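A short write-up of the structure that comes next.
Residues: numbered from 1 along the sequence shown. For clarity, every value in this text was computed on a predicted model and none was experimentally measured.
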Amino acid sequence: MARRVAVLALCSGMAGLVWPSVASAHAFAIGREDVPIPIWLFLWAAAAVLVASFAALSVGWSTTRLEREHWRPVPQAISRVLINRATEVLCGAAGVGLLGLVAWSGLYGTNVAEINFSVTFVFITFWIGGVLVSVLVGNVYRAFNPWRAIARVGAFALSLSPGRRATPPLSYPERLGRWPAAAGLVAFVWMELISGAQGPGVTPRATAVAALIYTAYTLTGMALFGIEPWVSCAETFSVYFGMFSELSPFEVRDSRLGIRRPLAGASGWARVPGSIAVVVATIAGTAFDGAQDGLLQQPIATVFVRLQRLGIALAPATKIAETLFLALSIAVVAGIYWAGVCGMRTVEGSPPLAQLATRFAHTLIPIGLAYLIAHYFSYFFFGEQDQFSYLITNPLGTRSASQIFLAPLSANLIWYVQVGTLVAGHVTGLVLGHDKALAVYGTVKRAALSQRWMLLMMIVFTCLGLYLLSRANG
């Protein structure tokens, strides 16, 4: 019964979403269409879907399903084919090769971002595509991680030297947790959205230089604290893709591939300090991107004018103004989450506030995924056409660019995906929250009482996402 209710709750997030389409704010220009119904109407409709899903979960999901151990290995023969020393070496070499290609094309190719491999690969194929792959097939980035591959080769070479040991000189501080990854995530978003303000945007050269700087930083961290401790907590992309891979039904344990219940891996993800900051930064970065040229455009311009009156030059004033609003976006997303947690704290039998926040932080992961897909769907689709039809054969951009074929995606389809993804993602967050509440509070009644606050939080996030899309699209 509970499984059927879960399917119903998830599918309800996709039902009834028959709203018109406009292009994503970051997509290539494909035209604009007016919304034929008022925005308040589909905001109410989305809220109604969440309320209906909450009711269905409260009635039909009475025992926890995602807290239990359900991992089971696939046949050994399949694991041996997919997970072995040879494939590990090949994947690592491929990752290092792509990193080298980003640096080479960025430094020696054209500085026009649209026809240089580096920018499209880093900010579309890697950043967005890596998330989608992680959700579908698990944490494959670990095998392709170029910095882990380089560090492991270095450690192996060092171990061959007489009298030399590859033991790191320092222990990674447990309290530091994933805070370095959260900071790196904010820095990446800042580079993509703000560093090129009042200019050509992120240039290939800047992308290549940033990749080389990050390489030096990451390898230094691995040398000081150890490869695996740094990868699991401090390496931004390992933490970022690893977070989304917790939603996947596939997981590797002790070099054996296995299958678990979808979403079940996320339950204990946030036990490491700094995890809340990572998922909050994920949502806030995408929200800021959607609001930058829409909802926040006028406030940013106002602050920019005031900064110029203080004598600050054009480019620095723009970057400062946008940085302030990026920080504000992070604060708003964090505030919405903590308000929901504080509400849950009022329910009898609640654990301490900090513990409660940690236990429910994984419910934000589907929201981060929903925001990412809704905002970047068309951007990714059209960018990948360019990546694999032109840039992959001409990474330096020395030949004339081909025309991107836009016909496969209609404006209506884009809008359906945006709205449907946002609602479905938040319904999934409700599913995760309800299941965790059953484990935390013990009874269906107290779990449902606590999740009223989660429902309110999900409605706020849904309406915020839809409103940002409507303003950016319009």
| message | Just to verify, which of Val131, Leu372, Val279, Leu132 counts as forming a side-chain contact (heavy atoms from CB on, under 4.5 Å) with Phe244? | response | Val131

| said: Classify the ring geometry of Phe121 against Phe117: parallel below 30°, tilted from 30° to 60°, perpendicular beyond 60°. | reply: parallel

| field | Sub-4.5 Å side-chain heavy-atom contact between Val431 and Leu57 | value | yes

| query | Is there a donor-acceptor pair under 3.5 Å between the side chain of Thr207 and the backbone N or O of Ser118? | reply | no

| CD/Glu322 to OG/Ser329 distance, rounded to the nearest 0.5 angstrom? | 10.5 Å

| said: I want to check something: taking the side chain as every heavy atom from C-beta on, are Trp453 and Thr346 in contact at a cut-off of under 4.5 Å? | reply: yes

| query | For Thr286 and Tyr376, does a side-chain donor sit closer than 3.5 Å to a side-chain acceptor? | reply | no

| said: With a 3.5 Å distance limit and no angle check, can you tell me whether Arg68 reaches the backbone of Thr64 through a side-chain donor-acceptor pair? | reply: yes

| Ignoring hydrogens and geometry, is there a side-chain-to-backbone donor-acceptor pair from Ser350 to Met344 under 3.5 Å? | yes

For residues 173-180, which side-chain N or O atoms pair as donor and acceptor with protein atoms under 3.5 Å away, sequence neighbours left out?
from	atom 1	to	atom 2	distance (Å)
Arg178	NH1	Trp269	O	2.7
Arg178	NH1	Ser275	OG	2.7

| Side chain to side chain, Pro366 and Leu432, heavy atoms closer than 4.5 Å | yes

| said: Using the rule given for side chain to side chain contact (heavy atoms under 4.5 Å, CB included), can you reason through Val140 versus Phe250, listing the C-alpha separation, both sets of side-chain angles and the distance that settles it, and then say yes or no? | reply: CA-CA 10 Å; Val140 295; Phe250 301 103; over 6 Å; no

| said: Heavy-atom count check: over 12 atoms from other residues, nucleotides or ligands less than 6.0 Å from Glu348 CD? | reply: no

| field | Any side-chain donor near an acceptor of the partner, Ser238 and Asn145, under 3.5 Å | value | yes

| task | With rounding to the nearest 0.5 Å, note down the distance linking CD in Gln418 to NE2 in His375. | result | 9.0 Å

| field | Non-hydrogen side-chain atoms of His70 and Arg260 separated by less than 4.5 Å | value | no

| Going from CZ on Phe288 to CG on Leu295, what distance comes out if it is rounded to the nearest 0.5 angstrom? | 11.5 Å

| message | Are the side chains of Val333 and Trp338 in contact, using a 4.5 Å heavy-atom criterion? | response | no

| said: Run the side chain to side chain contact (heavy atoms under 4.5 Å, CB included) test on Tyr172 and Glu228 for me, step by step, so that the C-alpha distance in whole Å, both residues' side-chain angles and the decisive distance to 0.1 Å come before the verdict. | reply: CA-CA 10 Å; Tyr172 188 83; Glu228 297 307 325; over 6 Å; no

| note | CG (Leu50) and CG (Leu455) are apart, to the nearest 0.5 Å, by 6.5 Å

| query | If we ignore angles and hydrogens, is there a donor and acceptor under 3.5 Å between the side chains of Lys436 and Ser267? | reply | yes

| said: For Tyr214 and Phe237: C-alpha separation, side-chain torsions, deciding distance, then whether ring pair (Phe, Tyr, Trp, His ring centres under 6.0 Å) applies. | reply: CA-CA 11 Å; Tyr214 185 76; Phe237 305 108; 5.4 Å; yes

| said: Show the nearest heavy-atom pair for residues Ile283 and Leu364, with the distance to one decimal. | reply: CD1-O, 3.7 Å

| Chi angles and distances behind the salt bridge (charged side-chain N to carboxylate O under 4.0 Å, His left out) call for Glu88, Arg152 | CA-CA 11 Å; Glu88 191 172 8; Arg152 294 185 71 188; 2.3 Å; yes

| field | Val239 to Ser232 - nearest heavy-atom pair and separation | value | CG2-O, 3.7 Å

| field | Donor on one side chain, acceptor on other, Thr218 and Trp230, under 3.5 Å | value | no

| Which of these passes side-chain contact (heavy atoms from CB on, under 4.5 Å) with Glu67: Val440, Leu438, Asp435? | Asp435

| said: Taking Trp61's backbone N and O only, do any of them form a donor-acceptor pair with His434's side chain (distance below 3.5 Å, no angle check)? | reply: yes

| Taking all non-hydrogen atoms of both residues, which atom of Ile459 and which atom of Ala47 are closest, and how far apart? | CG2-CB, 4.1 Å

| message | Distance alone, cut at 3.5 Å: any donor-acceptor contact between the side chains of Gln297 and Gln292? | response | no

| request: For His362 and Met243, run side chain to side chain contact (heavy atoms under 4.5 Å, CB included): C-alpha distance rounded to whole Å, both residues' side-chain angles, the deciding distance at 0.1 Å, then the answer. | output: CA-CA 9 Å; His362 69 294; Met243 174 182 70; over 6 Å; no

| query | Which pair of non-hydrogen atoms, one from Val272 and one from Cys233, has the smallest distance, and what is that distance? | reply | CG1-SG, 4.2 Å

| query | Checking Ser245 side chain against Gly242 main chain: does a donor-acceptor pair fall under 3.5 Å? | reply | yes

| message | So does Ala361 get a backbone contact from the side chain of Tyr337, meaning a donor-acceptor N/O pair under 3.5 Å? | response | yes

| said: Using side chain to side chain donor-acceptor pair (under 3.5 Å), reason through Thr421 and Tyr371 one step at a time and then give a plain yes or no. | reply: CA-CA 8 Å; Thr421 299; Tyr371 269 51; over 6 Å; no

| remark: Heavy-atom closest pair (Ala370 atom, Gly425 atom, distance to 0.1 Å) is CB-CA, 3.9 Å

| field | Distance in Å, Ile227 CD1 paired with Met222 CE, rounded so as to fall on 0.5 Å steps | value | 6.5 Å

| For Gly285 against Leu193, the heavy-atom pair lying closest together | O-CD1, 3.9 Å

| salt bridge (charged side-chain N to carboxylate O under 4.0 Å, His left out) contacts touching residues 267-282 (sequence neighbours left out) | none

| Side-chain donor/acceptor of Arg256 to backbone N/O of Val74, under 3.5 Å | yes

| request: Carefully, step by step, assess Phe241 and Phe126 under the rule ring pair (Phe, Tyr, Trp, His ring centres under 6.0 Å). | output: CA-CA 10 Å; Phe241 295 132; Phe126 176 68; 5.2 Å; yes

| task | Look up atom CZ in Arg85 and atom OG in Ser255, then write down how far apart they are to the nearest 0.5 Å. | result | 9.0 Å

| request: Could you please spell out the steps behind the side chain to side chain contact (heavy atoms under 4.5 Å, CB included) verdict for Val444 and Ser58? | output: CA-CA 7 Å; Val444 175; Ser58 299; 5.6 Å; no

| Is the shortest heavy-atom distance from the side chain of Met458 to the side chain of Val427 under 4.5 Å? | no

| Note, Pro262 side chain near Leu247 side chain (heavy atom, < 4.5 Å) | no

| Are the side chains of Leu185 and Tyr240 in touch, meaning some heavy atoms are under 4.5 Å apart? | yes

| Pairwise salt bridge (charged side-chain N to carboxylate O under 4.0 Å, His left out) hits with a residue in residues 234-243, at least two apart | none

